Amino acid sequence: MSSGTQIKGQSLFERQAENTNFNGPVIICDSLRTPENFGSVLRVADATGCQNIILLDSELDLTNKKISRLARSCEKHLKIQFETFESYKATLKQFKRCIALEITSSSSSLFESNIKHCDAVVIGQENTGIREELLTTCHQAVHLPMFGINGSMNLSHALVVFLYEWHRQQ
């Protein structure tokens, strides 16, 4: 049995180009502050077919080299919009199924949840999570079950698990 050979260069680019017509959920980032985390979120967004990112109440500078380096320049191909929470509330109705990726008193395990119809996923600020006022606007909250002593994981890592589970359920 063989695992094959690694695909590189132009062959890899052509293979990936076949998958670019897929549109994943909008990623809503609540008050992100860390360029490194946002760069990782952009790379995850691109890898999973999410083309739209909304930054709520964020002062991130998209020209920050840390973002571009970690995103591997994915920010050039994604639609990124800055909004205040107040302006965002007016557009909430555009989402049929907005899911918070957060541990709450009523969140369910991602792997026991039907997230197939999710058209927006909300992730929170690195230290404090999703603000309560935004959390109450979401249709559902899901969390990743944790098996170690740490109660959470990096937001971009949690996001990638969520988005691949979303793809698996499609």
Side-chain angles (χ1 to χ4, degrees), residues 12 16 19-20 22-85 88 95 97-104 107-113 115-135 137-170:
L12 179 61
Q16 291 306 110
N19 294 328
T20 58
F22 199 85
N23 198 8
V26 172
I27 300 171
I28 301 167
C29 305
D30 185 25
S31 306
L32 291 192
R33 304 277 183 255
T34 312
E36 294 85 354
N37 274 338
F38 187 59
S40 295
V41 166
L42 293 173
R43 191 162 175 191
V44 166
D46 179 70
T48 56
C50 298
Q51 299 168 2
N52 298 303
I53 295 106
I54 298 173
L55 286 166
L56 294 179
D57 297 328
S58 178
E59 297 176 8
L60 284 170
D61 176 6
L62 296 184
T63 63
N64 186 314
K65 292 192 184 305
K66 291 178 184 177
I67 292 174
S68 186
R69 184 171 28 90
L70 283 161
R72 295 185 69 182
S73 299
C74 292
E75 74 280 6
K76 296 173 184 169
H77 310 285
L78 301 169
K79 181 182 175 195
I80 303 167
Q81 58 191 96
F82 286 85
E83 288 194 38
T84 65
F85 180 66
Y88 167 76
F95 301 115
R97 192 97 186 127
C98 183
I99 297 179
L101 183 54
E102 184 72 83
I103 301 169
T104 73
S107 61
S108 57
S109 167
L110 171 64
F111 305 116
E112 296 170 0
S113 302
I115 61 168
K116 167 163 110 170
H117 300 293
C118 171
D119 58 350
V121 58
V122 179
I123 57 174
Q125 202 265 342
E126 293 89 343
N127 295 324
T128 58
I130 300 169
R131 73 182 96 178
E132 201 65 37
E133 190 178 13
L134 177 56
L135 199 54
T137 68
C138 296
H139 297 97
Q140 174 184 3
V142 298
H143 63 265
L144 300 178
M146 301 298 295
F147 302 104
I149 59 170
N150 197 336
S152 65
M153 68 171 59
N154 178 283
L155 66 95
S156 65
H157 298 128
L159 179 62
V160 77
V161 173
F162 176 91
L163 291 170
Y164 275 98
E165 176 61 13
W166 180 86
H167 274 283
R168 190 189 71 74
Q169 289 186 22
Q170 294 308 303

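Source: prediction; values computed, not measured.
- Each of Ile123, Ile67, Leu78 was checked for a side chain to side chain contact (heavy atoms under 4.5 Å, CB included) with Val41, and the lone residue meeting it is Ile123.
- One distance of note links CD1 of Ile80 with CZ of Phe38; it measures 4.5 Å at 0.5 Å rounding.
- Remark: the Gln125 side chain and the Arg33 side chain contain no N/O donor-acceptor pair separated by less than 3.5 Å.
- In this structure, the side chain of Glu165 does not engage the main chain of Ser113 through any donor-acceptor pair within 3.5 Å.
- Here Phe82 contributes atom CZ and Cys29 contributes atom SG; the two are 10.0 Å apart, rounded to the nearest 0.5 Å.
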Exercise for the section: Begin from the C-alpha positions of Lys79 and Gln51 and carry the test side-chain contact (heavy atoms from CB on, under 4.5 Å) through to its verdict. Expected result: CA-CA 6 Å; Lys79 181 182 175 195; Gln51 299 168 2; 5.9 Å; no

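- Across all their heavy atoms, Tyr88 and Glu83 have their closest contact at CA-OE1, 3.3 Å.
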Problem - Verdict with supporting geometry, Lys116 and Gln170, side-chain contact (heavy atoms from CB on, under 4.5 Å) - result: CA-CA 6 Å; Lys116 167 163 110 170; Gln170 294 308 303; 3.9 Å; yes

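- Put simply, the side chain of Lys66 reaches to within 4.5 Å of the side chain of Glu36, judged on heavy atoms.
- Of the possible polar contacts, none joining the Asp30 side chain to the Ile130 backbone as a donor-acceptor pair under 3.5 Å is found.
- Closest of all the heavy-atom pairs between Gln169 and Leu110 is NE2-O, 4.4 Å.
- Side-chain contact between Cys98 and Val122 is present, with at least one heavy-atom pair separated by less than 4.5 Å.
- Sequence neighbours left out, not one pair with a member in residues 37-46 passes salt bridge (Lys or Arg N to Asp or Glu O under 4.0 Å).
- Expressed to the nearest 0.5 Å, how far CD of Glu132 lies from CD of Glu102 amounts to 9.0 Å.
- Proximity of a side-chain donor or acceptor of Thr137 to a complementary backbone N or O of Leu134 within less than 3.5 Å is detected.
- The shortest heavy-atom contact between Arg131 and Ser31 is NH2-OG, 3.2 Å.
- Of the inter-residue distances, the one linking Glu59 atom CD with Leu32 atom CG reads 12.5 Å to the nearest 0.5 angstrom.
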Listed pairs under 3.5 Å, donor-acceptor, residues 144-161 side chains, sequence neighbours left out:
| residue | atom | partner | partner atom | Å |
| --- | --- | --- | --- | --- |
| Asn150 | OD1 | Ser152 | N | 3.3 |
| Asn154 | OD1 | Ser156 | N | 2.8 |
| Asn154 | OD1 | Ser156 | OG | 2.7 |
| Asn154 | ND2 | Asn37 | OD1 | 2.9 |

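- Here the straight-line distance linking atom NE2 of His117 with atom CD1 of Ile99 works out to 10.0 Å at 0.5 Å rounding.
- Trp166 places a side-chain N or O within donor-acceptor distance of the main-chain N or O of Cys118, the cut-off being under 3.5 Å.
- Between Cys138 and Ala100, the shortest heavy-atom contact is SG-CB, 3.7 Å.
- For the atom pair Leu163 CG and Arg168 CZ, the distance stands at 14.0 Å (nearest 0.5 Å).
- Residues Ile27 and Phe162 are not in side-chain contact: their nearest non-hydrogen atoms beyond the backbone lie 4.5 Å or more apart.
- Between Ser108 and Val142, the closest side-chain pair of non-hydrogen atoms falls below 4.5 Å.
- Shown here are the side chain to side chain contact (heavy atoms under 4.5 Å, CB included) partners of Val26, two or more places apart in sequence or in another chain: Ile28, Asn52, Ile54, Phe95, Ala120.
- Between Cys74 and Leu42, the shortest heavy-atom distance links the atoms CB-O, 4.0 Å.
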